[in-house]
Amino acid sequence: MPTPTVNGLVAAGFEEVRAEFERNFAERGEIGAAVAAYWRGEKVVDLWGGRRTPESDAPWNEDTMVVVMSTTKGLASMTLAVANARGWLDYDAPVARYWPEFAENGKGAVTVRQLIGHEAGLVLLDEEVTIDKLRDLDGMARLLARQKPAWPPGTRHGYHTMTLGLYMQEIIRRVDPAHRSLGRFFQEEIARPLQLDFHIGLPPGIPEERLARVKTLTPWGGLLALRYTPPAVTLKMIRPGSLLRRSFVGVGADPNDRRYLEVEVPAGNGVGTARAIARAYSAFAEGGAEIGLTPETMARVTAPPDVAHPKDVVLGLPSYFSLGFLRPGPKVDFGSSPRA
């Protein structure tokens with residue numbers, strides 16, 4: 001198909017971003033996409049282009065929304081930061097202080113910091129989770145509370161692929177005086193004040209024409225993707241008994257199923273625009289005052305991560321997490337600051 005037109009803006013000095021974005025379509029087979037960035041509180045990149053479905057020529061528009069998979073984790077973690085700033089949540093308190101049932105199966109001493117730092121060993125679920133079960137937040141809380149850790153909490157860390165957001169969901173419900181779900185909390189306390197076009201739990205009223213459809217991997221496409229996948233991750237993914245492979249089992253996640261997008265899976269099914277995500281992180285980069293964050297909370301969120309056990313036992317690679325966010329560390333570098 002002909003190379004699509006890219007729409008939007010870039011500020012002076014950021015023209016190279018547009019050039020690379022256009023190369024994604026011209027040389028790398030991109031179907032449709034958007035990219036946005038803020039610098040010192042000002043929007044400097046806001047681009048979109050291509051098609052919003054692999055099967056049709058429907059254009060990716062300025063207001064097209066897309067499921068952003070694990071990018072949802074960072075936005076969900078912002079809700080816990082708001083709760084911390086309000087004095088509702090202590091990162092270093094045991095989770096069981098707020099959720100007594102969580103203490104089952106030897107988890108009584110697990111802290112909020114350990115849980116949302118992927119250190120609790122709660123990467124697996126002992127039963128399949130359907131869309132109907134995800135709607136039943138009380139039932140999910142019982143399922144999550146009885147899980148047994150895959151390793152002694154705090155002794156190592158490993159990516160909590162789908163479960164992390166479900167645990168954050170229940171923590172927010174427990175500490176919020178109004179007992180809101182995480183998706184509703186995010187909408188009322190972060191999205192509305194910042195005017196973000198982003199949802200964790202897609203409202204039924206959003207028309208289908210606004211949603212991009214994800215092209216999922218075919219078996220052949222999966223083989224081609226191995227060229228860009230670290231060998232350690234590939235080995236973990238193809239090994240039948242690995243924690244990584246088992247962490248995907250039990251949660252039926254179809255990114256193109258509207259029913260899945262309408263429930264709340266704060267680790268993976270957030271839907272929105274690139275500019276909404278950029279705006280949210282810009283608010284954090286500027287100190288978070290717009291959503292009521294205090295300097296003390298920002299200092300906690302941006303403090304150096306724990307580097308005592310850098311190897312991720314689920315992914316098989318070095319990684320660093322702190323308070324729900326992926327962070328740079330001695331063996332993994334990204335961003336322009338160790339506070340990224």
Side-chain angles (χ1 to χ4, degrees), residues 65-84 88-89 91 95 98-99 102 112-120 122-125 129-145 147 159-176 178-192 194 196-203 206 247-248 250-255 257-273 276-277 280-281 284 291 301 314 321-326:
M65 306 168 74
V66 64
V67 59
V68 301
M69 313 299 186
S70 286
T71 298
T72 313
K73 290 181 175 73
L75 295 164
S77 298
M78 293 180 182
T79 65
L80 273 68
V82 171
N84 177 263
W88 299 344
L89 177 68
Y91 287 125
V95 177
Y98 311 106
W99 179 6
F102 178 86
V112 175
R113 182 183 297 275
Q114 289 172 329
L115 176 60
I116 63 177
H118 302 253
E119 296 182 358
L122 297 171
V123 296
L124 306 176
L125 297 172
V129 177
T130 63
I131 290 173
D132 286 338
K133 287 180 181 178
L134 287 167
R135 290 194 186 102
D136 178 8
L137 299 186
D138 291 335
M140 285 302 304
R142 291 190 291 271
L143 168 62
L144 294 166
Q147 297 305 303
Y159 193 51
H160 288 43
T161 314
M162 297 298 293
T163 55
L164 185 75
L166 302 177
Y167 280 103
M168 289 196 290
Q169 164 87 277
E170 190 59 25
I171 289 173
I172 283 291
R173 284 216 307 157
R174 298 284 175 142
V175 303
D176 175 25
H179 305 295
R180 290 169 288 184
S181 69
L182 189 148
R184 183 182 159 201
F185 188 103
F186 176 84
Q187 198 59 220
E188 294 178 358
E189 304 293 349
I190 298 176
R192 288 181 190 169
L194 299 179
L196 305 182
D197 210 354
F198 194 94
H199 303 273
I200 301 173
L202 186 67
I206 291 185
S247 73
F248 284 101
V251 180
D254 179 352
D257 185 342
R258 180 75 187 236
R259 297 174 308 141
Y260 170 69
L261 298 181
E262 290 181 355
V263 297
E264 294 183 24
V265 184
N269 80 340
V271 178
T273 65
I277 298 169
Y281 274 100
F284 259 57
I291 54 174
V301 168
V314 174
F321 294 93
S322 181
L323 304 185
F325 297 95
L326 182 67

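Keep in mind that the numbers below use all heavy atoms, side chains included, and drop hydrogens, waters and symmetry copies.
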Is the shortest side-chain heavy-atom distance between Lys73 and Tyr159 below 4.5 Å? yes

Quick one: are Leu196 and Thr273 in side-chain contact, heavy atoms under 4.5 Å? no

Donor-acceptor under 3.5 Å (Asp254 side chain, Tyr260 main chain): no

Flag side-chain contact, heavy atom, 4.5 Å: Ile116 against Tyr91: yes

Pairwise side-chain contact, Val123 with Thr161, heavy-atom cut-off 4.5 Å (strictly under): no

Measure the shortest side-chain to side-chain distance between Arg135 and Asp132 over non-hydrogen atoms and say whether it is less than 4.5 angstrom. yes

Which of parallel (below 30°), tilted (30 to 60°) and perpendicular (above 60°) describes Trp99 and Tyr167? tilted

Report yes if some heavy atom in the side chain of Ile171 is under 4.5 Å from a heavy atom in the side chain of Leu115; otherwise report no. yes

Tell me, do Phe284 and Ile291 make a side-chain contact under 4.5 Å, heavy atoms counted? yes

Picking from Thr72, Val129, Leu134, Ile131, what satisfies side chain to side chain contact (heavy atoms under 4.5 Å, CB included) with Val265? Leu134

Is the backbone N or O of Val263 less than 3.5 Å from a side-chain atom of Asn269, with the two atoms forming a donor-acceptor pair by type? yes

Asn84 side chain vs Leu89 backbone, donor-acceptor pair below 3.5 Å: yes

Glu262 with Arg259: basic N within carboxylate O range, under 4.0 Å: no

Validation row: Met140, Gln169 side chains within 4.5 angstrom (heavy atoms): no

Distance in Å, Ile172 CD1 paired with Trp88 CH2, rounded so as to fall on 0.5 Å steps: 8.0 Å

